[in-house]
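The chain is numbered in sequence order, starting from 1. In this text the structure is predicted, and so the values were computed from the model without any measurement. In each ligand, atom 1 is the first atom listed, and ligand 1 is the first ligand listed.
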Amino acid sequence: MSRALEVAERGRGKVRPNPLVGCVLVKDETVIAEGWHDHLGGLHAEQMAIHDAEEKGHSTNGARAFITLEPCNHFGRTPPCTEALLWAGISEVVIAHGDPNPLVRGDGVSVLEEAGIKVETGLLKDAAAEQMREFLHWCENRRPYVTVKVAVDANGSVDDLSKDAGRFTSEECLKQVHELRKDCCAVLVGANTVIRDDPALTVRLVETERQPIRVAIDPNNRISPDSKILTDGFATRHMTEDFRGLPALLDMLGDLEIQRLLVEGGPTTINHFLEEGLVDEFILVQSKVTHSTPVYSDFDLSSFSNIEEATWGEELVKIYTR
Ligand code: AOF
Ligand code: ZN
């Protein structure tokens with residue numbers, strides 16, 4: 001199952017709104033094939049694994065399947081995986097996590113059991129839940145999982161108002177930020193950030209097949225029509241509605257199948273999200289640089305119970321979750 005979780009990662013950034021899923025086929029205690037959901041509209045993990053076995057000349061008859069998600073039992077972009085497993089003669093199915101998709105929920109397991117296949121669920125369930133975190137969150141709440149990212153200097157200043165101020169984090173750190181953007185369906189900023197920085201908010205430093213949608217919150221319609229995000233040809237939602245009491249905004253983004261939203265600033269927007277209790281994950285990037293004209297902003301992180309640390313280039317990163 002850990003191998004199935006590993007190969008599932010190959011779909012990261014390409015399968016949304018579907019979850020990452022991996023599948024490994026085992027026969028006589030040997031792995032004979034593996035598959036993963038590679039991109040939206042592509043084969044599901046089970047079907048790719050069965051195909052992989054055929055290509056390698058292995059019979060799947062009597063094999064055991066280790067799958068990170070309960071197999072689907074519906075006709076979606078692909079035919080049901082339950083049928084593919086039955087047709088392949090799989091004798092036993094081990095599943096990490098159930099599928100909360102109302103089209104599947106529990107059906108995949110019961111259909112297999114009724115066909116006489118031995119089914120076991122829950123192996124490495126927590127690891128699978130972690131891997132599918134945003135998919136599960138969206139299925140449950142129909143809203144995106146909200147990640148805030150903010151960079152501060154050595155003293156906690158979020159910005160430098162001096163004239164010669166530029167980027168204050170390392171190049172490698174920036175690459176990590178692009179990696180983070182790549183994993184998000186949308187990147188949100190407030191009007192002030194657009195007016196002050198004219199950011200592109202695209203993924204450029206790492207390879208990607210998709211760009212996140214940019215969302216600009218601009219209730220007083222202040223951003224320039226010449227801003228990069230409105231002119232560079234990539235998708236942007238310019239929101240001029242008043243979204244005080246932001247849950248309505250998240251409902252709307254959820255309806256657009258946005259499963260992970262990255263809030264990139266600035267402090268006013270971030271504090272709105274925090275005050276409304278809408279932040280699921282807060283990523284604080286701490287630089288060693290000192291701003292000469294600092295801007296301090298207090299972020300109330302008292303509701304977060306977990307803190308993990310990482311390093312992104314030269315920066316120390318603290319990841320707060322609930
Ligand atoms: C599986 N194996 O590898 C994946 C599953 O409309 P579709 O065909 O893209 O199906 C999407 C739904 O299927 C998705 O929301 C989730 O419930 C399930 N994903 N199921 O058996 C897979 N990716
Ligand atoms: Zn499927």
Side-chain angles (χ1 to χ4, degrees), residues 1-26 33-54 60 63-90 92-115 117 119-125 127-145 183 185 209-210 253-260:
M1 190 62 87
S2 45
R3 178 63 185 157
L5 287 165
E6 207 173 292
V7 297
E9 281 297 323
R10 295 179 185 170
R12 192 171 284 281
K14 297 187 284 176
V15 298
R16 294 244 169 83
N18 285 352
L20 294 172
V21 184
C23 171
V24 165
L25 300 182
V26 174
E34 50 193 30
W36 61 94
H37 189 38
D38 184 70
H39 56 275
L40 190 64
L43 291 181
H44 280 189
E46 300 87 323
Q47 304 186 27
M48 183 172 178
I50 292 166
H51 186 73
D52 185 42
E54 282 166 357
T60 50
R64 282 193 293 161
F66 290 80
I67 316 165
T68 60
L69 180 73
E70 175 183 6
C72 68
N73 186 45
H74 70 290
F75 283 87
R77 294 176 182 93
T78 67
C81 289
T82 46
E83 277 185 20
L85 293 165
L86 294 174
W87 173 85
I90 302 294
E92 192 181 330
V93 173
V94 184
I95 297 165
H97 203 288
D99 189 345
N101 182 344
L103 289 171
V104 179
R105 210 182 282 159
D107 260 17
V109 169
S110 54
V111 163
L112 292 173
E113 281 177 340
E114 276 157 28
I117 290 179
V119 182
E120 182 195 323
T121 27
L123 182 62
L124 297 187
K125 185 179 179 197
E130 178 61 26
Q131 185 173 60
M132 295 184 279
R133 180 179 69 174
E134 295 97 28
F135 171 76
L136 297 176
H137 180 93
W138 179 73
C139 284
E140 197 175 312
N141 306 293
R142 289 284 147 180
R143 280 187 191 165
Y145 183 91
D183 194 46
C185 317
E209 287 173 21
R210 293 196 211 175
L253 296 176
D255 288 345
L256 295 173
E257 298 191 320
I258 305 280
Q259 291 184 359
R260 190 178 189 192

Do me a favour and list the nearest non-hydrogen protein atom to [atom] with residue, atom name and distance?
| atom | result |
| --- | --- |
| atom 2 (N) of ligand 1 | Glu46 OE1, 2.9 Å |
| atom 15 (O) of ligand 1 | Asn101 ND2, 3.0 Å |
| atom 11 (C) of ligand 1 | Asn18 OD1, 3.2 Å |

Please find the N/O/S atom of His44 nearest to the Zn ion (ligand 2) and write down its name.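 That would be atom ND1.
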Ion pair check, Arg12 and Asp183, cut-off under 4.0 Å: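 Salt bridge between Arg12 and Asp183, a charged N being under 4.0 Å from a carboxylate O: yes.
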Between the side chains of Glu34 and Arg3, is the shortest nitrogen-to-carboxylate-oxygen separation below 4.0 Å, so that they form an ion pair?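 Result for this pair is yes, salt bridge flagged.
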Under 4.0 Å, heavy atoms only, figure out whether ligand 1 is touched by the backbone of Cys72, its side chain, both or neither.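 Both the backbone and the side chain of Cys72 come within reach of ligand 1.
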Below 4.0 Å, non-hydrogen atoms only: which portion of Asp99 touches ligand 1? Side chain, backbone, both or neither.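 Within the 4.0 Å criterion, Asp99 contacts ligand 1 through side-chain atoms alone.
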Would you mind running through ligand 1 and noting each atom that sits below 4.0 Å from a heavy atom of [X]?
| X | answer |
| --- | --- |
| Thr78 | 8 (O) |
| Pro71 | 21 (O) |
| Gly76 | 6 (O), 8 (O) |
| Val21 | 3 (O), 4 (C), 22 (C), 23 (N) |

Give a yes or no on whether Lys125 atom NZ has more than 12 heavy-atom contacts from other residues, nucleotides or ligands under 6.0 Å away.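 For Lys125, atom NZ is not crowded (no more than 12 foreign heavy atoms under 6.0 Å).
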Flag if over 12 foreign heavy atoms under 6.0 Å of NE2, His74: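 Yes, because the 6.0 Å sphere around NE2 of His74 holds more than 12 heavy atoms from other groups.
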Do any heavy atoms of Gln47 fall under 4.0 Å from ligand 1?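 No, Gln47 has no heavy atoms under 4.0 Å from ligand 1.
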Please step through side-chain contact (heavy atoms from CB on, under 4.5 Å) for the pair Ile67 and Leu85, ending with a clear verdict. CA-CA 11 Å; Ile67 316 165; Leu85 293 165; 4.1 Å; yes
Could you go through Asp38 and Arg10, starting from their C-alpha distance and side-chain angles, then the distance that decides it, and tell me whether this counts as salt bridge (charged side-chain N to carboxylate O under 4.0 Å, His left out)? CA-CA 6 Å; Asp38 184 70; Arg10 295 179 185 170; over 6 Å; no
Side chain [X], main chain [Y], donor-acceptor under 3.5 Å:
| X | Y | value |
| --- | --- | --- |
| Gln47 | Pro79 | yes |
| Thr68 | Ala4 | no |
| Glu134 | Tyr145 | no |

I would like to know whether Met132 and Leu69 meet side-chain contact (heavy atoms from CB on, under 4.5 Å); could you show each step before the answer? CA-CA 9 Å; Met132 295 184 279; Leu69 180 73; 3.7 Å; yes
Any idea which of His44, Met48, Arg77 brings a heavy atom closest to atom 10 (O) of ligand 1?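 Minimum heavy-atom distance to atom 10 (O) of ligand 1 goes to His44.
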Could you name the option among His37, His74, Glu70 that has the heavy atom nearest to atom 23 (N) of ligand 1?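 Of the listed residues, His37 has the closest heavy atom.
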Examine Ala45 against ligand 1 and note whether any of their N/O atoms are separated by less than 3.5 Å.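 Yes, Ala45 has an N/O under 3.5 Å of an N/O on ligand 1.
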Could you please compute the angle at the Zn ion (ligand 2) from SG of Cys72 to SG of Cys81, rounded to 10°?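 Vertex at the Zn ion (ligand 2): approximately 120°.
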